[in-house]
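One structure below.
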Amino acid sequence: MDLTILYRGPLASCDYDCPYCPFAKRRDSRAQLTADRAALERFAAWAAAQRGDRLSLLFTPWGEGLVRSWYRRALVELSRLPHIRRVAIQTNLSCRTDWLAAADLDTLALWCTYHPGQTPYDRFLAKCHDLAAGGVRHSVGVVGLPEHLEHARRLRAELPERVYLWINAAEGHTYTDAEAAEWTALDPLFPYSRHPHRSAGLPCRTGESVISVDGEGTVRRCHFVRAELGNLYDGSYRRALRPRACPLAVCDCHIGYVHLETLPLYDVFAGGVLERIPASAPPRSTAGGDPGRVVIGMPSSPP
């Protein structure tokens, strides 16, 4: 089968401390890091052995994975396997980038987030240019808080044109049309992030061709629905894979709503769903960010 897996192990430590970050905040002990390494290596070994399936893998750690050698090694090794269609990770890009030279860059990709105040802008931008020069597939993004707007504008002006800059609506933040227009001028796909998507009862690929896996191998349909479908390592999850409607009222995270069948995002991000790279560069918004302007495939009102 073609199966997409979002993996999130027990790692929760991060070298940043963003006040808006919803992720866990802790200092992992040596024992916790050892457990995370063992869990990741078990998952990577399982994925490597699934020669009868085609897998797409996205690592979505609570903390920052690429500062840990076992995440870098797993990404490189998995990228070289013929049955792995894509292996990607969400990262703040604080790690060095020279390890990417050992990866298959047709398979590996990075989902990078810039966090103003946590790292010097020039350092982050230099790493983005290193990725672009090295042919590493990557997207770059910013959380859409008012104090981040000028940083995002500068990024859009100084990143290579072909690099997609995404904007995440800040959790709990309501945008006026004028504010949304400013963000849409930078990311024409921002309207998908602006409002939570009504999802109750709607068909979603999660639980059928997309699953979430934790460090114990427990399989769920996605990170946001706690009902268990079985375990990855005993194979019990496979009997549970089938079409399912979403049981939640709304879905407000990109790694969730991108899989809703009622949205056109598999076409918008064809070939780049996991790393959040559109199939073609989204048309730029007007300079004034006219909120009435509708980009093809984009919602003009909250879906």
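Please read all numbers here as calculations on a predicted model, not as lab measurements.
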- Sidechain-backbone polar pair: Gln50 side chain, Trp46 backbone, donor-acceptor under 3.5 Å: yes
- Kindly give the heavy-atom pair with the smallest separation between Ile89 and Gly65, and that separation in Å. CD1-CA, 4.5 Å
- Query: Linking I/L/V/M/F/W/Y whenever any side-chain heavy atoms sit under 4.5 Å apart, do Leu100 and Val140 land together?
  - Reply: yes
- Item | Spatial distance of atom CG (Leu3) from atom NE2 (His83) [nearest 0.5 Å] | 11.0 Å
- Applying ring pair (Phe, Tyr, Trp, His ring centres under 6.0 Å) between Trp166 and each of Trp111, Trp183, Tyr114, Phe190, report the one that passes. Trp111
- Query: Which is it for Arg153 and Glu150 under the salt bridge (charged side-chain N to carboxylate O under 4.0 Å, His left out) test, yes or no, and what are the steps along the way?
  - Reply: CA-CA 5 Å; Arg153 285 173 171 161; Glu150 291 308 315; 2.5 Å; yes
- State, to 0.1 Å, how close Ser79 and Asp104 come at their nearest heavy-atom pair, and which atoms those are. OG-N, 3.0 Å
- Item | same_hphob_cluster(Leu33, Tyr71) at 4.5 Å side-chain heavy-atom cutoff | yes
- Taking C-beta and beyond as the side chain, do Glu64 and Thr91 meet within less than 4.5 Å on heavy atoms? yes
- Query: Would you call Arg194-Asp177 a salt bridge at under 4.0 Å N-O?
  - Reply: yes
- When you measure from the side chain of Tyr237 to the backbone N and O of Val213, does any donor-acceptor pair fall under 3.5 Å? no
- So, does Asp214 use its side chain to make a donor-acceptor pair with the main chain of Glu216 at under 3.5 Å? yes
- Query: Is the backbone of Phe43 close enough, under 3.5 Å, to the side chain of Tyr233 for a donor and an acceptor to pair up by distance?
  - Reply: yes
- Query: So, Ser199 side chain and Leu248 main chain: donor-acceptor pair closer than 3.5 Å or not?
  - Reply: yes
- Query: Is any side-chain heavy atom of Cys251 less than 4.5 Å from a side-chain heavy atom of His259?
  - Reply: no
- Query: Which heavy atom in Leu229 sits nearest to a heavy atom in Gly207, and how many Å separate them?
  - Reply: CD1-CA, 4.1 Å
- Query: Atom OG1 of Thr218 and atom CD1 of Ile211: how far apart are they, to the nearest 0.5 Å?
  - Reply: 11.0 Å
- Check whether any side-chain heavy atom of Glu179 sits under 4.5 Å from a side-chain heavy atom of His173, and report yes or no. yes
- Query: Does one hydrophobic cluster hold both Leu265 and Leu6, with members joined at side-chain heavy-atom distances below 4.5 Å?
  - Reply: yes
- Query: What's the verdict on side chain to side chain contact (heavy atoms under 4.5 Å, CB included) for Leu186 and Val142, showing C-alpha distance, side-chain angles and the deciding distance?
  - Reply: CA-CA 11 Å; Leu186 298 172; Val142 176; over 6 Å; no
- Message: Could you check whether any side-chain N or O of His129 sits under 3.5 Å from a backbone N or O of Glu158, counting only pairs where one atom can act as donor and the other as acceptor?
- Response: yes
- Item | Arg156 (side chain) donor-acceptor with Asp187 (main chain) under 3.5 angstrom | no
- Query: Considering all heavy atoms of both residues, which atom of Ala102 and which atom of Val76 are nearest to each other, and what is their separation?
  - Reply: O-CG1, 3.5 Å
- Specify the closest pair of heavy atoms between Ile167 and Ala152, including all atoms of both residues, with the distance to one decimal. CD1-CB, 4.2 Å
- Got Asp2 and Thr4 here, is their nearest side-chain heavy-atom distance under 4.5 Å? no
- Task: First locate atom CZ of Arg162, then atom OG of Ser280, and finally report the distance between them rounded to the nearest 0.5 Å.
- Result: 15.5 Å
- Item | Residue pair Asn92, Thr119: steps toward the side chain to side chain contact (heavy atoms under 4.5 Å, CB included) verdict | CA-CA 9 Å; Asn92 63 26; Thr119 186; over 6 Å; no
- Query: Cluster question for you: counting only ILVMFWY and a side-chain heavy-atom cut-off of under 4.5 Å, with indirect links fine, are Leu189 and Tyr266 together?
  - Reply: yes
- Message: Using a 3.5 Å distance criterion without hydrogens, assess whether the side chain of Glu41 forms a donor-acceptor pair with backbone atoms of Trp70.
- Response: no
- Please assess Asp98 against Arg72 for the test salt bridge (charged side-chain N to carboxylate O under 4.0 Å, His left out), listing each intermediate value before the final yes or no. CA-CA 11 Å; Asp98 56 347; Arg72 300 193 299 269; over 6 Å; no
- May I ask you to test the Phe59-Leu66 pair for a side-chain heavy-atom distance under 4.5 Å? no
- Item | Pair Leu58-Ile255, side chain to side chain contact (heavy atoms under 4.5 Å, CB included): steps then yes or no | CA-CA 10 Å; Leu58 174 62; Ile255 61 173; 4.2 Å; yes
- Note on the structure: NZ of Lys127 to OG1 of Thr97, rounded to nearest 0.5 Å, is 7.0 Å
- Has Arg51 got more than 12 heavy atoms of other residues, nucleotides or ligands less than 6.0 Å from its CZ? yes
- Message: Using side-chain heavy atoms (C-beta onward) and a distance below 4.5 Å, is Leu241 in contact with Met1?
- Response: yes
- Task: Would you mind checking if Arg68 and Asp28 are paired as a salt bridge, meaning a charged N to carboxylate O distance below 4.0 Å?
- Result: no
- Just checking, any donor-acceptor pair under 3.5 angstrom between side chains of Ser56 and Arg86? no
- Note on the structure: Separation between CD1 (Ile84) and CG (Leu108), nearest 0.5 Å, reads 11.5 Å
- Message: Consider side chain to side chain donor-acceptor pair (under 3.5 Å). Of His223, Arg220, Arg8, which one does Ser212 pass it with?
- Response: His223
- Query: Got Leu55 and Leu78 here, is their nearest side-chain heavy-atom distance under 4.5 Å?
  - Reply: no
- In short, Gly141 meets Leu165 closest at the heavy-atom pair CA-CD1, 4.1 Å
- Is it possible for you to say whether Val210 and Ile277 belong to one hydrophobic cluster, with membership spreading through side-chain heavy-atom contacts below 4.5 Å? no
- Query: Between atom CG of Asp130 and atom CG of Leu125, what is the distance when rounded to the nearest 0.5 Å?
  - Reply: 9.5 Å
- Query: Hey, does Leu93 have a side-chain heavy atom less than 4.5 Å from the side chain of Leu131?
  - Reply: yes
- Whether Tyr175 side chain and His195 backbone form a donor-acceptor pair below 3.5 Å: no
- Query: Distance-only, no hydrogens or angles: does the Ser236 side chain make a donor-acceptor pair with backbone N or O of Asn231 under 3.5 Å?
  - Reply: yes
- Under the side chain to side chain contact (heavy atoms under 4.5 Å, CB included) criterion, do Leu263 and Val258 qualify, and how do the steps go? CA-CA 7 Å; Leu263 296 177; Val258 72; over 6 Å; no
- Item | Verdict with reasoning, His254 to Phe269, per ring pair (Phe, Tyr, Trp, His ring centres under 6.0 Å) | CA-CA 12 Å; His254 179 89; Phe269 291 96; 5.4 Å; yes
